[in-house]
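Input: a single structure, listed below in structure tokens.
Start at 1 and go down the list; that is how both ligands and their atoms are numbered. Being a predicted model, the structure only gives us computed values, none of them experimental.
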Amino acid sequence: MEYTFAERVRNLSGNAIREIFKVLSDKEMISFAGGMPAAQCLPAEKVKQYSGELLTENPVKMLQYGETEGYMPLRESFLRYVKNVGIEGYTVDNALIVSGGQQGIDLMFKTFCEKGDKILVQNPTYLAVLHIARTYQLNPVGFDCGEDGVDVDDLEKKIKEHRPKLVYVVPNFSNPTGKTLRLETRKKIVEIAEKYDVVVIEDDPYGRIRYAGEHLPSIKSFDKDGHVVYITSTSKTIAPALRVGLTVADERIIRKMAICKQAVDVQTVTLAQAVVERFISTGEIDRGIARSLPIYKEKAEIMLAALDKYMPESFVHTVPEGGLFIWGEFTDGTSAKAKFREALDNKVAYVSGNDFFADGSGDNTMRLNFSNATPEQIETGVKRLSAIFTK
Ligand SMILES: Cc1ncc(COP(=O)(O)O)c(C=O)c1O
């Protein structure tokens, strides 16, 4: 049969990373694509233990329908946890548990945006945000990242020019660049949001994965009257398949998002929420992060050293203080996009940078993930890359 798909999905192609996943089943492939936590950081034993305890202690609560806004003990514990990033003075009415941070972004777009609306994003930005924007037929416009991830002058200029519905920012160890906003930049973003009355989404899945430098307060911590919506997730700090994240926002926003969430998945899985609650309230989340950090630090250092040793001189890269990504750029214009197929044929995968740019530019850039490959694979994979790019 000929299907007549809705206009909003007719011209959509899959998210580039999901597409890459399809070729990764090849055992020989070394993947610097994806953004997966290291396999050895996934806390299977604790998840098993907490799930067993919870199902024994309160089987009905765990398996029955629950509140769309989230499992109450988790909303309370999560709100205590985000005091770490200076988010204080909020009640459970300001908290919505989401099925991963990505759902929080999706619900924000659904709550605020009409077809054709503009949203501002870092150039480059998290590619799933571009993908979500397309499903709502929005127009994402990029602003410059500058040194630390947000060029505040360009942000202000683009707000004046485009009057966006929302601004989307990743403050820490950004996906894809690995950049982290300076303290002054965080404060300035709030000033700009207040001046132009625009809502900023602060998407912070990586903030706790810091293995160098000092933790910084969130953008939200400087927000006085509801201009910033903070989204975080336990995908990188516990396990992505649990699909548990948090949104903190003005309660009027939370109410609208909850109505939208009800229509999508009714609620986030209670057992997963309760397991996450136990990780937070027992301090196990922080012990797990503390165990993971040296692993990520080591892998990042191995990749950085290998890039410096093997890649051509025209290749420059960021040096992240945390998170899972290094961003590379060929200053001579070499196209990472054009070489991608050859890289796959040579059993190494990365994400071509253009997928992260709202305007599709950035052919000469690439995102490299170092968390999921072993140290040996990182070394071998970078050698394979260098063989392709030094030809
Ligand atoms: C910047 C950013 N935001 C959100 C997400 C989505 O995370 P979650 O698994 O919580 O949906 C990711 C995942 O890679 C990400 O990199």
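Atoms of ligand 1 found under 4.0 Å from any heavy atom of Pro205 (numbered from 1 in listed order, with element): 1 (C), 2 (C), 3 (N), 15 (C). The atoms of ligand 1 that sit less than 4.0 Å from any heavy atom of Val170 are 1 (C). Close contacts of ligand 1 with Ser233, meaning ligand atoms under 4.0 Å from a residue heavy atom, involve 8 (P), 10 (O). Listed by atom number, the atoms of ligand 1 under 4.0 Å from Ser235 heavy atoms are 8 (P), 9 (O), 10 (O). Ligand-side atoms of ligand 1 in range of Tyr168: 1 (C), 3 (N), range being under 4.0 angstrom from any heavy atom. In summary, the atoms of ligand 1 found under 4.0 Å from a heavy atom of Asn175, numbered by their order in the structure, are 1 (C), 15 (C), 16 (O).
Put simply, the side chain of Asp151 does not reach to within 4.5 Å of the side chain of Leu155, judged on heavy atoms.
From the protein, the heavy atom lying nearest to atom 2 (C) of ligand 1 is Asp203 OD2, 3.3 Å. When only non-hydrogen protein atoms are considered, atom 6 (C) of ligand 1 lies nearest to Tyr126 OH, 3.4 Å. Of the protein's non-hydrogen atoms, Tyr206 OH, 2.5 Å is the one closest to atom 16 (O) of ligand 1.
With values rounded to the nearest 0.5 angstrom, Thr91 atom OG1 is found 4.0 Å from Asp93 atom CG. Rounding to the nearest 0.5 Å gives a distance of 6.5 Å between CG of Asp286 and CG of Asn84.
Among the atoms of Gly101, some N or O lies under 3.5 angstrom from an N or O of ligand 1.
A side-chain donor from one of Glu379 and Tyr310 sits under 3.5 Å from a side-chain acceptor of the other. A donor-acceptor contact closer than 3.5 angstrom is absent between the side chains of Glu329 and Thr365.
Centroid-to-centroid, the aromatic rings of Tyr350 and Phe340 come within less than 6.0 Å. Under the 6.0 Å cut-off for aromatic ring centres, Phe325 and Phe173 do not qualify, their centroids lying 6.0 Å or more apart.
Using a non-hydrogen distance threshold of 4.0 Å, Phe173 does not register as a contact of ligand 1.
Counting all heavy atoms, side chain and backbone alike, Phe389 lies closest to Pro312 at O-CG, 3.7 Å.
For Phe325, no heavy-atom contact with ligand 1 is shorter than 4.0 Å.
Closest to atom 13 (C) of ligand 1 by heavy atom, among Lys236, Arg243, Gln102, Gln103, is Lys236.
Shown are Asp203, Asp204, Asn94; of these, the side-chain hydrogen bond (donor to acceptor under 3.5 Å, both in side chains) with Tyr230 is made only by Asp204.
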